[in-house]
Amino acid sequence: RVRFHRPPSAQRDVSQALRRRRARGGPRRSRVRREVSLEGDGTAAATVVVRVAVVAERGGGVRVVGLLAASRGQTLARLDTPGAAVGVAIAGNGRQAYVADDFGGLSVIDLSTLSAARVTATVATSGYAYGVAATAGGRYVYVAAGQGGLDIVDLLAAGGPRVARTVALGNYALGVAASADGRYAFVTNSAGTLQLIDAANPATAAVVRTVTLGAAPEGIAVGPAGAALVACGQAGVKIVSVATPTAAAVVGSLDTRGRAWGAAFSSDGRRAYVADGSGTVVLDVANPAAPRAIGRLDGAVGSLGVAVGPG
């Protein structure tokens, strides 16, 4: 089950990109900015049922869409957020969504009752929030906070969610993913690098590895088999071995022939999906050093991201 979304663009000239964002104000008719996260029922992975998608629609706020038979495709709730919703992640328990809200920081949404979803907290981030990743433990959320770097948000802090630590990266943080155990954050930035941050102890979180990609990164996904897939625009995709984070390195690459914007892995990590502007390229990445295209899912022009549900 494949869903399309559009993540925040990662332009080399960040100041120019920000000016374009301000000029747009909201989504254009031909290319609506959307990022989708899928939420399951918390059962074992083999039997998980995806019941809802949460869609970040920039100027349109956030939309909660039903995926079960009784409500498939229906908008169950729509919320305004303080900023411009450009990224979204869902907690492992399915009860909260976290929205990267551009100049509005981070918004926390209660999904306990889908038809009455509501914003329960907002967090001022160190810079514009462009990407967000939930962690396995459920206490912390990672936010790619533009010029601020990586913000680690403590959801259980006394007095409500707040930034527990900001890790300065020296460049604009544009995208973020978390390792399966939540210990590491993987951040793409405007310098064309992937930075790995060890946040086992958030109070002392620090960069432990910087990987040069040789291209401007867009979306990022981390698979279950120790690999990260970075969509790098016209340069295609880069596959980075992150099994040993302190020795992470690019091990493979592939020209997808379009402009690679977003990426996702299958549940077993053997296949990857890359949204390249006019559809989705399906990759065999069983051997990360020699990825190959094995198919294509046609989509509308403007397909700039992809998420894969379980099953």
Side-chain angles (χ1 to χ4, degrees), residues 7-8 35-42 48 51-56 61-64 77 79-114 116-146 148-169 173-187 196-206 220 222 307:
E35 179 167 292
V36 177
S37 269
L38 307 177
E39 177 266 313
D41 64 0
V48 67
R51 68 188 184 109
V52 66
V54 179
V55 186
V62 174
R63 187 159 55 98
V64 180
L79 299 85
D80 288 330
T81 55
V86 295
V88 61
I90 295 179
N93 63 13
R95 296 174 184 171
Q96 293 86 30
Y98 312 110
V99 178
D101 210 22
D102 202 298
F103 58 88
L106 176 73
S107 291
V108 180
I109 296 175
D110 181 0
L111 296 175
S112 298
T113 302
L114 295 178
R118 60 193 179 93
V119 176
T120 57
T122 58
V123 180
T125 50
S126 62
Y128 294 146
Y130 295 140
V132 60
T135 63
R139 176 167 183 170
Y140 296 100
V141 170
Y142 299 140
V143 180
L150 174 72
D151 282 353
I152 302 174
V153 176
D154 185 349
L155 299 171
L156 301 181
R162 64 176 181 83
V163 175
R165 180 169 173 79
T166 296
V167 181
L169 302 176
L174 297 167
V176 62
S179 60
D181 61 4
R183 174 173 177 172
Y184 292 94
F186 306 89
V187 182
L196 288 74
I197 293 92
D198 185 344
N201 179 356
T204 59
I220 179 173
V222 177

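As the structure is a prediction and not an experimental result, all values here were calculated from the model.
By the salt bridge (charged side-chain N to carboxylate O under 4.0 Å, His left out) test, R162 pairs with no residue at all, sequence neighbours left out. By the salt bridge (charged side-chain N to carboxylate O under 4.0 Å, His left out) test, D80 is found to be paired with no residue, residues two or more places apart in sequence or in another chain being considered. By the side-chain hydrogen bond (donor to acceptor under 3.5 Å, both in side chains) test, R165 pairs with no residue at all, sequence neighbours left out.
Looking at every heavy atom in both residues, A124 comes nearest to V163 through O-CG2, 3.7 Å. Residues I90 and Y98 approach most closely at C-CE1, 4.5 Å, considering heavy atoms. Between A77 and L114, the closest heavy-atom pair is CB-O, 3.4 Å. Closest heavy-atom contact between A133 and A89: CA-CB, 4.2 Å. Closest of all the heavy-atom pairs between S126 and A145 is OG-CB, 3.6 Å. When all heavy atoms of L79 and A117 are compared, the closest pair comes out as CD2-O, 3.4 Å.
Within the 3.5 Å criterion, the main-chain N or O of G83 finds a donor-acceptor partner in the side chain of D101. Although no hydrogens or angles enter the test, the distance criterion places no donor-acceptor pair under 3.5 Å between the side chain of D102 and the main chain of G104. T135 places no side-chain N or O within 3.5 Å of a backbone atom of G182 that could act as its donor or acceptor partner. When atom types are taken as modelled, the side chain of D151 and the backbone of V153 share no donor-acceptor pair closer than 3.5 angstrom. Between the side chain of D154 and the backbone N or O of Y140, no donor-acceptor pair lies under 3.5 Å.
Taking CZ of R118 as the start and OG of S107 as the end, the distance is 13.5 Å to the nearest 0.5 Å. In this structure, OH in Y130 is found 9.5 Å from OG1 in T125, a value given to the nearest 0.5 Å. Summarising the geometry, atom CZ belonging to R183 is positioned 10.0 Å from atom CG belonging to N201; distances are rounded to the nearest 0.5 Å. Atom CD1 in I109 sits 11.5 Å away from atom OG1 in T122 (nearest 0.5 Å).
The shortest distance between side-chain heavy atoms of V54 and L111 falls below 4.5 Å.
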I would like to know whether L106 and V99 meet side-chain contact (heavy atoms from CB on, under 4.5 Å); could you show each step before the answer?
-> CA-CA 6 Å; L106 176 73; V99 178; 5.7 Å; no
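Within 6.0 Å of CZ in R139 there are more than 12 heavy atoms belonging to other residues, nucleotides or ligands.
Of the candidates L150, V176, V222, I197, F186 forms a side-chain contact (heavy atoms from CB on, under 4.5 Å) with just one, namely V222.
Looking at D110 and R95, no side-chain N of the basic residue comes within less than 4.0 Å of a carboxylate O on the acidic one, giving no salt bridge.
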